[in-house]
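Beneath this line is the structure, given in C-alpha cells, with notes to follow.
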Amino acid sequence: MPEDDRLAFPDAPRSELEDTLHDLVAHAEKVLRTQGRLRHLLRANRVIVEQLDLDQVLHRIAEAAVELVDAEYGALGVISPDGGLERFLHVGIPDAEVARIGPPPRGLGLLGAVIDTAAPIRLAHLGEDPRSAGFPAAHPAMDAFLGVPIRVRDEVFGNLYLANPRAGAFTAEDEELVSSLAASAGIAIENARLYDATLRRERWSVALAEVTQALLSGADDNALAVIAERLAAVVGADLIAVVVPDDPAAALAEQDPTLRVEIARGEGGADLVGRSFARAGTLAERALSTGMLAASDGSQPGIPVEGAAPLGPTIALPLRAAEEQLGVLLVSRAVGAARFDAAELEMASDFASQAGVAIELSRARADRERLRIIDDRSRIARDLHDHVIQRLFGSGLALQAVASRHPEVRESVHAQVEAIDAAIAEIRTAIFALAHDDRGEGASLRRRVLDVVAESTPALGLRPRVSFAGPIDLHATGALADDVVAVVRETLANVARHAAASEVELALAIEGDRLAVTVDDDGVGVDPGVARASGLANLRERALAHGGDFTLEARDDGGTRARWTAEIAEEEGTT
Amino acid sequence: MTRVFLVDDHEIVRRGIAELIDAERDLEVVGEADSVGRAPARIAATSPEVVVLDVRLPDGSGIDLCRTLKSSNPELRCIMLTAYDDDEAATSAVLAGADGYVLKDIRGQNLLEGIRRVARGESLLPRGLAAKVVASVGASVGAPASRSDEPDLTLRERQVLELIADGLTNRQIGERLELAEKTVKNYVSGLLAKLGMERRTQAAVYGAEHRQRER
C-alpha cells in the first residue's frame with residue numbers, strides 16, 4: 001500500500017481518533033508489508049522447489065535470500081565432509097571482481113563460525129566480531145552480516161550468508177524469514193539430490209544396457225574396451241582404465257606380481273596403455289583380493305607408474321567372469337574434484353558385476369561360434385576327404401588303366417593324371433589346415449609353416465602354393481622344426497623383398513634321410529649382391545648345422561629356386 | 001601271382017585299383033569289401049597274401065581291422081591306403097602294425113610297387129619310424145596344449161604302445177603281458193581314442209550323422 005495514501009481529518013478533537021487510525025494504518029501497513037514479504041517468501045520457496053537440478057537450486061536459493069532481505073551481497077556455501085567449504089556460490093559480486101579476489105573462501109573466520117555453531121549468526125558490524133578473519137584485498141567492503149545454516153534432514157548441508165542490507169541492518173524478522181527459506185531450501189536440495197541420483201541411476205542403467213547389448217551383439221570383440229568407453233561416457237571421470245594381470249596363468253595361481261594397463265581412456269590415457277606396475281599394495285590389488293570395490297581420495301594412485309599425471313578420487317572395481325578375475329576397472333577424477341558418493345559407488349559396483357556377467361555371456365557366445373566354425377571346418381574336411389579325394393583318385397586310376405591299354409593316349413593321360421595328383425596334394429594340405437587349428441607352442445611343424453605362409457602373404461602380395469610330402473611332422477621336431485620355420489620365413493621374406501614374383505611355390509618334403517625346403521619363384525632372378533647377404537649366410541649356417549646345405553640358383557625358365565636341406569636324425573626324440 | 005584283397009568303402013576307388021592291379025601280369029584282385037564288418041569273413045574265404053585297406057571305414061577303423069587280421073594271421077601282409085597325409089598315414093600304419101602305407105596318389109606306381117615289396121616280405125616303413133611315432137604319440141598326449149579331459153597314457157597303455165611299435169600283434173601282446181586278446185584290443189581302442197585317431201577317422205562321421213538324426 002503506498003505511503004501517501006493517508007486518511008486526513010480537519011479538527012483537533014478527532015486527532016485522537018486520527019492517531020488511533022494512524023496507528024491502525026501503520027499496523028495495517030506493517031501487516032501488509034509482512035504479508036508482502038511472506039508472499040515473497042512463498043514465491044521464493046516455489047521458485048527454488050520447482051528446480052530439480054541441484055546447481056540451479058543452489059543458485060536460486062542464494063538469489064531468493066538476497067531478494068528476500070534486500071541485501072547487497074549473498075552467498076551459499078556447501079560444507080564438505082571434512083568440515084570446510086566444498087563449494088561457494090555468490091550473488092552480487094560481478095565475475096570479473098570475483099576473479100580478482102582470488103580463491104573462494106574455505107570456511108574460516110565468520111563463515112566457519114556459522115558452520116561450527118550450526119545456528120544463525122546476525123551481526124550489525126561484522127568487523128567488530130572477534131571471530132572475523134578479515135577480507136582479501138580486492139574484496140568489497142561488508143558490514144552487516146547474517147549467516148543461517150541450511151539443514152537437509154538432520155545434517156547441516158551448508159549455509160546462507162548475507163551482507164549489507166539496504167535497510168542498514170538485519171532485523172530479527174529478516175533472520176526469521178531467511179531461516180524459513182533455509183528450511184524450504186533443505187527440502188529443495190534433498191529433492192534435487194534424489195532427482196540427481198535417479199537421473200544418474202538411469203544413465204548408469206542405460207550405459208549398462210548398452211554394454212550388455214554391445215557385448216551380446218558381438219559387433220565388438222573387445223569387451224573391456226566397450227565397458228571402459230561406455231562408463232567414461234556416463235560418469236564424470238577424467239581417466240578410466242582397465243588393468244589386467246600380466247600373465248593370466250600366474251594370476252590363477254595368485255602369485256602374479258604385476259598388472260598391465262590394457263585400456264585407458266581420458267587424461268593421458270594413451271601414454272599409460274601397455275605399462276606394467278607391481279601389484280602389491282595398489283588399489284587394484286585391494287579390489288582383486290577382496291573382490292569388492294576399493295576407493296581412494298587420490299592419495300593412493302590408481303596406476304602407480306612413473307610420469308602418470310596425478311589424479312584425485314579414484315575407485316577400483318574388480319571385473320570377474322565366473323570365478324575368473326579378468327582385471328580391475330579404475331575410475332578416476334581430477335585432483336580436487338568431488339569424491340564418488342555412496343550412490344555412485346553402489347551403482348559402479350552393480351555396473352562392474354553386471355559387466356562381468358555380460359563378458360561371460362559374450363565369451364560363451366564366442367565359444368559357441370568357435371565350435372560352430374570347428375564343426376563347419378571338420379565337416380568340410382570330411383567332405384573333401386570322403387568324397388572329393390576318393391573320386392579324384394578313383395577317376396585318376398581309371399584314366400591310368402585306360403592309358404596302359406592304349407599307348408597312343410599315354411602322353412595326354414599322364415598330363416591329366418599329374419594335374420589330378422597335384423589337386424589331391426593341395427586338397428590334402430587343405431584338409432590338414434582345416435582339421436588342425438591348434439596354434440601356438442606345441443603346434444606341428446606343418447601348422448607352423450602354414451601360419452608363416454599366411455603371415456607372409458600380404459608382403460608377397462600373393463598366396464604361395466604349399467605342398468608337403470612325407471611324414472614331416474614325425475621327422476622334424478624340436479630344433480630342426482624351429483629352424484625350418486625360420487628358414488621358410490626368411491626365404492619368403494627374401495622373395496617378397498627382391499623377386500617381384502607373380503608365383504611362389506613352397507614345398508617341404510622328406511627325401512630319404514633328408515628334409516628339403518624348396519621355394520620357387522618366377523621373379524627377377526638372383527642378384528649376386530643379395531646372394532652374399534647376411535640373411536642368406538644365416539640360412540646356410542642353419543643348414544650346415546643339420547648336416548645339410550643351402551643353395552640359391554636361377555631356374556632355367558626364369559626366376560629363382562632356393563633349396564634348403566637338413567639331415568633328419570634316425571631316432572630323434574625317442575625316449 | 002600275388003593275391004590281393006581290397007577294403008575300401010568307395011566303389012570308384014576299388015574299381016580303379018582293381019583295374020590297375022589286374023592290368024599287371026604278376027598281381028590279381030581276389031576279393032573286395034566295403035566295411036570292417038564284411039572284411040574278415042571274405043578275407044578268410046579268399047586267402048589273399050596282401051590286403052590293401054583304407055584307414056577310415058564307415059563302420060570302424062582300418063587300424064583296428066588290420067590288427068585283428070594280423071592277430072589271426074601274422075603271415076598276412078597289410079598296406080594302409082589313405083587319403084590323409086603322410087604324417088597321419090605313417091602313424092596309422094605303425095599303430096595298425098601294417099607293413100606299409102600308400103597315399104591315395106595316382107602317379108609313381110607306389111601302390112603296385114608297394115604290394116610287390118610287402119609280398120616279398122619287405123616293410124615299406126623306414127627304420128626308426130615306429131620310434132618316432134611313439135615319441136610323437138607321447139608328446140601329443142602328454143602335451144599341455146592337448147585337452148585337459150584327455151588323461152595321460154596309463155602304464156598299461158604305454159606298454160601296449162611300445163609293443164605295437166615293436167610290431168607285435170594283439171595276440172602276441174596279450175601273451176607278453178598275460179592279457180586276453182580282447183583286453184589288448186580294448187587298450188588299443190582306448191589308445192586310438194586318446195590320440196584322437198578315432199576322432200579323425202570314423203568317429204567324426206558318426207558324430208556328425210548322429211547329430212543330424214537327433215535334429
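Chain naming here is simple, since letters A, B, ... match the order of the sequence lines and numbering starts at 1 in each.
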task: Answer whether the closest heavy-atom distance between the side chains of B:Leu177 and B:Val184 falls below 4.5 Å.
output: no

message: Taking the side chain as everything from C-beta on, heavy atoms only, tell me whether B:Val134 gets closer than 4.5 Å to B:Glu162.
response: yes

message: Just so I know, are the side chains of B:Leu129 and A:His475 near enough to count as touching, which here means a heavy-atom distance under 4.5 Å?
response: yes

query: With a 4.5 angstrom heavy-atom cut-off, which part of A:Ile510 approaches chain B: side chain, backbone, both or neither?
result: neither

task: Could you tell me whether a side-chain N or O of A:Arg463 sits under 3.5 Å from a main-chain N or O of A:Thr457, the two making a donor and an acceptor?
output: no

- prompt: Which bit of A:Thr429 is near chain B, if near means a heavy-atom gap under 4.5 Å: side chain, backbone, both or neither?
  reply: neither

statement: When the 4.5 angstrom heavy-atom criterion is applied to B:Asp54 and chain A, the contacting part is side chain

- prompt: Which atoms of A:Ile424 come close to chain B, meaning under 4.5 Å heavy atom to heavy atom: side chain ones, backbone ones, both, or neither?
  reply: side chain

message: In the structure I gave you, are the side-chain heavy atoms of B:Lys70 and B:Gln172 within less than 4.5 Å of one another anywhere?
response: no

- prompt: Do other residues, nucleotides or ligands put more than 12 heavy atoms under 6.0 Å from the CZ atom of A:Arg391?
  reply: no

statement: If one checks every heavy atom of B:Ala83 against chain A at 4.5 Å, the contacting part turns out to be both

- line: Most heavy-atom pairs under 4.5 Å with chain B, out of A:Gly470, A:Gly396, A:Pro471, A:Gly394, belong to A:Pro471

- line: Among B:Asp9, B:Ile17, B:Asp8, the residue with the most heavy-atom pairs under 4.5 Å to chain A is B:Ile17

